[in-house]
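If you scroll down you'll find the structure; I have some questions about it.
Naming: A, B, ... by sequence-line order, numbering from 1 per chain. Owing to the predicted nature of the structure, the values given are computational and were not obtained by experimental measurement.
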Amino acid sequence: MLIAVSSYLQLNLNDYQSVPSTVSNIDTITTLKYSRNFGSKNREAKENIRISSFDLSADLTPLFNWNTKQIFVYLLMEYEGYNGLSSSKITFWDNIIHDKSEAILDLNSVKGKYSCWDVNNNFSSNHGVMKLGWNIQPHVGLLLWGETKGSTEINLL
Amino acid sequence: MKTNVRCNLLQLSNILLAISSAFMFWKTLSVVANSPSPIVVVLSGSMEPAFQRGDILFLWNRDKYVDVGDIVVYNMDHRDIPIVHRVLREHKVIPTDEEIEKFNKKQGLKKDKNSNLKIPKNKKIKELKPSQKILTKGDNNPSDDLPLYGYKQMYIDRDNDLIGSVKGYIPLAGYVTILISENIYFKYILIGLICLSSLFSNE
């Protein structure tokens, strides 16, 4: 209990909830897939989007203290579905940071990890907001989640 | 003689007290966290390096929706072991009128002249509500959990499948339960030790 509280207080001293980040130069590829592994049901065409290249820079060192085992960072996109009947968050890329020395991210033209599809067969909106989220995994105690300051709006093809 | 019986009875009631208070603690935690199993032990290495086998996780199940990046524990009907994985995608979905109509037709509900639903008196009916569809993935697995889901199932459901999302973590403290369930000798050694200790404490 004491460990959890002191660890939390120390992260607050680091101002961990307001870490800035910039995501830029996002290029996406849209394809039609017909297999279950890409979300298709009954061999219907399923629109898939993946990121062919993006740049990312963020300094996540404020998230590290003596109780941090690892940081899980993920690039997510928020978007609205057809007629506002659905709202979604999908992950395009993620990474695990084991050590404070790796906490400064400066990535250039990196490929996304996942090919993503919507609940419907097509992405009905062509507008999304990209954000960088993180999860602090402690050695012992409470897990914490948050998002970095800064978001990028993108137009899907 | 009389005191001996009393002594034994007192010992028995102490044991019962210990068992019942442990049960009460578990059930209270269950009500507070709104989860059938508020504490779980990690059984697989699919979330390494975040969680190893034998780690204890504390769950919370009172948030209406889970978020991307959350680590959730879900239980599928055709599997007996709950799975601890991270949310890769989430979709909050409101059903369309057509879908609701289709769903009601499937239950055998019909409409009257004013297009209101005729609901039979003694029949329980289900309602198609807004839901959250989730796709999960283990950090240590190369791809998402689609192969784990049922036939033609593309997502798991927030309300039907989730036991809770992980909030607290203690490493390795639950390894005893893995030893008990997977090592045939450990169980007997443990029982033997408990018997021995009770023999000595009697004197």
Inset, instruction - Under the side-chain contact (heavy atoms from CB on, under 4.5 Å) rule, collect the residues that match up with B:F103, sequence neighbours excluded. - result: B:Q107, B:K126, B:L128
Legend entry - Option in A:A4, A:G81, A:C116 with maximal non-hydrogen atom pairs under 4.5 Å from chain B: A:C116
Inset, instruction - Give, as side chain, backbone, both or neither, the part of B:P130 having an atom under 4.5 angstrom from any heavy atom of chain A. - result: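 Contact with chain A involves no heavy atom of B:P130 at all.
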Legend entry - Which residues share a side-chain contact (heavy atoms from CB on, under 4.5 Å) with B:I180, sequence neighbours left out: B:V176, B:F186, B:K187, B:L190
Inset, instruction - Inspect the surroundings of CD1 in B:I191 and state if more than 12 heavy atoms from other residues, nucleotides or ligands are less than 6.0 Å away. - result: yes
Inset, instruction - Would you mind checking which part of A:L85 comes under 4.5 Å of any heavy atom in chain B, side chain (CB onward), backbone (N, CA, C, O), both or neither? - result: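 Both parts, heavy atoms under 4.5 Å.
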Legend entry - Minimum heavy-atom distance between A:I96 and B:P49, given as atom pair plus value: CD1-CD, 3.9 Å
Legend entry - Pairs touching residues 12-32 of chain B that satisfy side-chain hydrogen bond (donor to acceptor under 3.5 Å, both in side chains), sequence neighbours left out: none
Legend entry - Interface moiety of B:I56 toward chain A, non-hydrogen atoms closer than 4.5 Å: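 Answer is neither: B:I56 stays 4.5 Å or more from chain A.
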Pull every donor-acceptor pair under 3.5 angstrom between chain B and chain A and give the atom names with distances.
{"residue": "B:P49", "atom": "O", "partner": "A:K69", "partner atom": "NZ", "Å": "3.3"}
{"residue": "B:A50", "atom": "O", "partner": "A:K69", "partner atom": "NZ", "Å": "2.9"}
{"residue": "B:D67", "atom": "OD1", "partner": "A:K89", "partner atom": "NZ", "Å": "2.9"}
{"residue": "B:D67", "atom": "OD2", "partner": "A:K89", "partner atom": "NZ", "Å": "3.2"}
{"residue": "B:V68", "atom": "O", "partner": "A:Y74", "partner atom": "OH", "Å": "3.2"}
{"residue": "B:G69", "atom": "O", "partner": "A:W145", "partner atom": "NE1", "Å": "2.8"}
{"residue": "B:R86", "atom": "NH1", "partner": "A:N135", "partner atom": "OD1", "Å": "2.9"}
{"residue": "B:R86", "atom": "NH2", "partner": "A:N135", "partner atom": "OD1", "Å": "3.4"}
{"residue": "B:L88", "atom": "O", "partner": "A:T91", "partner atom": "N", "Å": "3.2"}
{"residue": "B:L88", "atom": "O", "partner": "A:T91", "partner atom": "OG1", "Å": "2.5"}
{"residue": "B:R89", "atom": "NH2", "partner": "A:S115", "partner atom": "O", "Å": "3.0"}
{"residue": "B:E90", "atom": "N", "partner": "A:K89", "partner atom": "O", "Å": "2.9"}
{"residue": "B:E90", "atom": "O", "partner": "A:K89", "partner atom": "N", "Å": "2.9"}
{"residue": "B:H91", "atom": "ND1", "partner": "A:S88", "partner atom": "OG", "Å": "2.8"}
{"residue": "B:K92", "atom": "N", "partner": "A:S87", "partner atom": "O", "Å": "2.8"}
{"residue": "B:K92", "atom": "O", "partner": "A:S87", "partner atom": "N", "Å": "3.0"}
{"residue": "B:I94", "atom": "N", "partner": "A:L85", "partner atom": "O", "Å": "2.7"}
{"residue": "B:K137", "atom": "NZ", "partner": "A:Y114", "partner atom": "OH", "Å": "3.4"}
{"residue": "B:L146", "atom": "O", "partner": "A:R36", "partner atom": "NH2", "Å": "2.8"}
{"residue": "B:K152", "atom": "NZ", "partner": "A:N42", "partner atom": "OD1", "Å": "2.7"}
{"residue": "B:Q153", "atom": "O", "partner": "A:R36", "partner atom": "NH1", "Å": "3.4"}
{"residue": "B:Q153", "atom": "O", "partner": "A:R36", "partner atom": "NH2", "Å": "3.3"}
{"residue": "B:K167", "atom": "O", "partner": "A:L143", "partner atom": "N", "Å": "2.9"}
{"residue": "B:Y169", "atom": "N", "partner": "A:G141", "partner atom": "O", "Å": "2.8"}
{"residue": "B:Y169", "atom": "O", "partner": "A:G141", "partner atom": "N", "Å": "2.9"}
{"residue": "B:Y169", "atom": "OH", "partner": "A:K69", "partner atom": "NZ", "Å": "3.0"}

Legend entry - Neighbour count >12 (heavy atoms, 6.0 Å) for atom CG, A:L2: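 No, not enclosed.
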Legend entry - Contacting region of A:I90 [heavy-atom separation from chain B under 4.5 Å]: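 It is both, since atoms from each part get that close.
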